[in-house]
Every structure is written in structure tokens, then in C-alpha cells.
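Written below as C-alpha cells is the structure these notes are about.
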Amino acid sequence: MGTEIVIIIVVISVLVAFGTGYLVRKTIAEGKIASAELQAKNILDEAGKEAERKKREAVLEAKEEILKQRNEMERENKERRSELQRLERRLVQKEESLDRKTEGIEKKEDILGRKEAEVEKLKAQFASLCSRQMAELERISGLTSDEARQLLLSDIEKEIQHEAAILIKELENKAKEEGEKRAKEVITLAIQRCAADHVAETTVAVIPLPNDEMKGRIIGREGRNIRAFETATGIDLIIDDTPEAVILSGFDPIRREVARIALEKLIVDGRIHPARIEEMVEKARKEVDQQLREAGEQAVFETGVHGLHPELINLLGRLKFRTSYGQNVLKHSVEVAHLGGLMAGELGVDIQLAKRSGLLHDIGKAVDHEVEGPHVAIGVELAQKYRENKDVIHAIAAHHGDEEPRTIVAGLIQAADAISAARPGARRETLEAYIKRLQKLEEIAGAFEGVEKSYAIQAGREIRIMVKPDKIDDLGVVKLVREISKRIENDLDYPGQIKVMIIRETRVVDYAK
């Protein structure tokens, strides 16, 4: 019973405590609320006052801005009115000036009309006077005006033709002097920078023997070794009284080289019989083929030409054993490539194109003994077959004048080919061919009308022509020398160039008695 009372007391105490706390919190909250309401009221009052103040300030600023803009507009309107007044005054002044000018123009037009009438009158008088003067001149001279005009034009035409011929001659002489000077400089520089030695090629090869007994072994029983050797190589083997030597003779340099190598191997080996001969000849052929490839590659490397077709390189190698008038064609081609490249460099032309054209210009000679046709046409076909540059093909076609050179490179290759062939010792020609060329040169010059005598001198590199002065005048000489030069170019094949000199001389002789 006592425990329940305690519990009741505790519960009552807790309830009293909660009630007391609630009353205290309520009192405190009501005080804070009242304080907050007072502060809010004060803040609202202050805000209202501030808003009223700012409103008055904004109104004042707006009024000031309106006043300022009004003053600005009035100032602008005043300036515009002033400008309009000024423009009006200028317009009035211009109208007055135009009126004055119009009056002046009208006066000038009146004066001009009167002068035009006077001019027309003077023209009529002048035409009448000219007509009477012309009639009087025709009566005095006995010629009509058309006849007199034609006579005057004819005289003027003759005079102009004479002056034109003199001017053409002067210009041609000047152009030749300048052109020859520049060409000599370029060619001389190219020749000096590309000095090459020349060794005349022959059609025989001398093979030394260790002793004369070897001749009998080479001949073999009843000459069977010689027959086998000549059959296998296509080269004549000559055994004569020359001590310790035999001679190989043949016009095909490649077959002659094969025969030379094979015979030297047989002599070293000592076993000479038909079977061994065939074996050595076959080995020699392979060795020569290798030499041809290496020679072609060496030529390409020496000239710096790249990108050639392998077959063209092999054909270049074949030129090592090809001769033209005793000149080695491969060395000639390499020299032409160098000369063409040097001259191209001097003239600012494509150096690589010139070298390529020079190296390939005689490529047709590698197979011209196997294929019918001139080496120029064969070379063009080979270059086209292996898809060479069109300018290279044209240079090949034009290097002997079969075509007119259309590019600078083609002209350079033509000149380089002539320079290489004309070097002292580069080529041989027989006495008979040399004499025939000189005779043909003099015959060409003598065939022209007015030529009295002609002499081929300087080993056929110059021809001097005497003309009849009563049949050819000074201007006719200029035309004649060009015609003779063209005829020589078309009818003769020659290395280098031929100087054509015409001499016109008038001699008057009398005797004092």
C-alpha cells in the first residue's frame, strides 16, 4: 500500500513539474513574440521612410535628366537650323552662279556658231583652191594624182626595203656575235671540265703466247682446233710468222672479246681440243655478259643517271664493245652525258634530263647490227619500249638532225655529240672518205649561181667561196651564205661544224702612161 502511494506521489510530482515548465515556456515565448513584433514594426517604419526618401531622389534625378535632354535637343535643333540656313545660302549662290554660266555659255555658243560658219566657208575655198592646184600640177607633170601617188609609194617602198635589209644584216651580225660568244663560252667551259682521253679501237686482238710450240697445239691435228674455235666464236684465228703471238680478227667486238678470253684460258690451261674449246667459249660468254652488266652499271653510276630500266643498262654495257669510226661508243655516250649536263647547268636547264638523254642517245647502236634500220630509229623504238621520258626520246631522234630539235635539251645533246666526235683523236676516217667529203663540200658551194670559186680548207671545217661582184651585191651575199649553209647541213654528214665564208671583192686596175 505504501508503494502505490509513493508512485502516486511521484506521478503527481512529475505532472506538476510539466505544468510548471509549460507555463514558464509560454511566458517566455509570449515575451519574445512581443519583442519581435515591435522590432518588425520598427523595421517597417524605417523601410517606409527609406523608400519615401529614395522615391523623392529618383523623381529629382528624372526631372534633372529630362531638363538636360531638353536643353540638348534645343541645342541640336539650333545647330540644324543654322546648318539649313547655311545650305540655303550656298544653294542660292550656286543658282546665281549657274545662271551666270548659262548666260556665258549661250554667248559662247553664238560666237562658236559664227566661227563654224566662217570655217565652212574657208573649207570650201580651200577645197576649190586644192582642186585648181591639183589640176595645174597634173597639167604640168603630165601625171594623174593616182599615178603620182603610185610613183611616190614605189620610191618609198624601195627605200624602206633597202633600209630593212641593212637593219636585218646589222641585227643578224649582232645576234651571231652575241650568240657565238655565249655558245663558245658554254662549250669551252664544258670541254674544259670534261677532258677525256681517246683510244682508237681496232678490229683485231693480239694474243701473246708463252712459246712458239703453243701455235702447234692451238692448230691441232689437221687444223681441227682452229676450225672448232672459229666455229664456236665466229672470229678468225690468224697464225702467221709473228713470234710468240696469234691474232684474232673480227668486226663484232663482243664475239672478239669472247674469243680473246677463251683463247687466253685455253693457253693457261694447256688442254686444247674441240670439247675443251666449247667449254671455255661458254665460260667466256658468261664472263663477257657479266662484264657488260657491270659496264652498264658503271656508266650509270658515273653519270649519276637513276631509274633506268635493267634492259637499257644491259644495252649500255654492250656499247662498251661497239665502235664508231674507231671511237668506243660507251665512252662516247658517257662523255656526251657529261658535256650535255655541264652545258645544261650553264644555261639553267634540267641537268638530269640532259645527262639521261646524252647517255641514251646512241643506245640503238647496241643492236643496230642485229636489227635493220638506222641506229637513231632503233634507239627511239627502244626508248619507247622501255617507257622513257618523251623529251629523252625526242633528243635521241634529233641528235643527228633527223628531226628538228624542239627542246633546249635536244639541241644541247646534238652539240655535245658533235663535240665528242670532233675531239682530236676521237674518230678515224679513211683517206678516200675524207677526200670525197671535201669534194662534195666544194661541189655544193659551186652549184649556186654567182659563185666563181670555192675552196675547202682546215680539214673540211671551213669553206671559202669567191663570188662574182657584178652578179651578187652585198645584200645578196647575206642571203647566199645562209642558203649554202642550209644545203651543207641537209646534204652532208660531218662531225662538229663547218664555217662558210663568202668573199666579194671588186678590183679596178688602170695604168698611168
Side-chain angles (χ1 to χ4, degrees), residues 171-172 175-191 193-194 303 305 308 312 316 319 324 327 329 332-365 368 373-423 426-427 444 461 481-500:
L171 292 175
E172 283 185 350
K176 284 181 180 178
E177 290 174 1
E178 293 294 330
E180 288 178 0
K181 182 179 178 182
R182 177 60 178 156
K184 286 178 181 178
E185 290 176 356
V186 173
I187 291 173
T188 303
L189 182 61
I191 293 174
R193 293 173 62 186
C194 182
T303 55
V305 176
L308 280 182
L312 286 178
L316 279 174
L319 294 178
S324 177
Q327 185 181 26
V329 178
H332 165 69
S333 298
V334 171
E335 185 180 11
V336 170
H338 285 310
L339 288 169
L342 290 170
M343 290 190 288
E346 290 295 319
L347 297 176
V349 186
D350 190 338
I351 297 175
Q352 286 300 317
L353 180 62
K355 284 187 174 182
R356 195 181 192 95
S357 302
L359 186 62
L360 296 177
H361 81 284
D362 270 345
I363 195 69
K365 289 184 178 180
D368 63 347
H375 76 276
V376 174
I378 298 171
V380 169
E381 290 178 4
L382 289 173
Q384 290 173 342
K385 179 181 178 181
Y386 296 112
R387 299 183 179 180
E388 270 298 320
N389 186 301
K390 62 179 182 179
D391 291 333
V392 174
I393 296 173
H394 173 61
I396 294 172
H399 81 273
H400 275 321
D402 297 276
E403 289 185 9
E404 191 70 23
R406 298 190 300 272
T407 63
I408 296 177
V409 169
L412 291 178
I413 299 307
Q414 194 177 73
D417 180 54
I419 292 169
S420 177
R423 280 186 184 275
R427 292 191 171 186
I444 290 173
R461 300 193 182 280
V481 73
R482 297 186 65 179
E483 291 178 351
I484 294 176
S485 299
K486 291 296 182 183
R487 180 72 64 83
I488 292 172
E489 290 174 1
N490 294 332
D491 294 357
L492 279 184
D493 292 328
Y494 51 90
Q497 62 182 8
I498 296 176
K499 180 180 180 181
V500 181

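Quantities reported herein were computed from a predicted structural model and do not represent experimental measurements.
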**Asked** What's the spacing between Ile413 CD1 and Thr407 OG1 if we round to 0.5 Å?
**Response** 9.0 Å
**Prompt:** By salt bridge (charged side-chain N to carboxylate O under 4.0 Å, His left out), which residues pair with Arg406, not counting sequence neighbours?
**Reply:** Glu403
Side chain to side chain contact (heavy atoms under 4.5 Å, CB included) involving [X] - partner list, sequence neighbours excluded:
{"X": "Ile408", "result": "Val349, Leu412"}
{"X": "Lys486", "result": "Glu489"}
{"X": "Val392", "result": "Leu353, Arg356, Ser357, Leu360, Glu388, Asn389, Ile396"}

Report yes if the side chains of [X] and [Y] come closer than 4.5 Å at any heavy-atom pair, otherwise no.
{"X": "Ile378", "Y": "Ile363", "answer": "no"}
{"X": "Val409", "Y": "Asp391", "answer": "no"}
{"X": "Leu342", "Y": "Ile351", "answer": "no"}

**Message:** Assess, by modelled atom type and distance only, whether the side chains of His361 and His332 contain a donor and an acceptor separated by less than 3.5 Å.
**Reply:** yes
Using every non-hydrogen atom in the two residues, find where [X] and [Y] come nearest and quote the distance to one decimal.
{"X": "Ser333", "Y": "Asp362", "answer": "OG-CB, 4.0 Å"}
{"X": "Ala410", "Y": "His394", "answer": "CB-CD2, 3.6 Å"}
{"X": "Gln352", "Y": "Val305", "answer": "OE1-CA, 4.3 Å"}
{"X": "Gly411", "Y": "Pro405", "answer": "N-CB, 3.9 Å"}

**Asked** Does His399 have its ring centroid less than 6.0 Å away from the ring centroid of His375?
**Response** yes
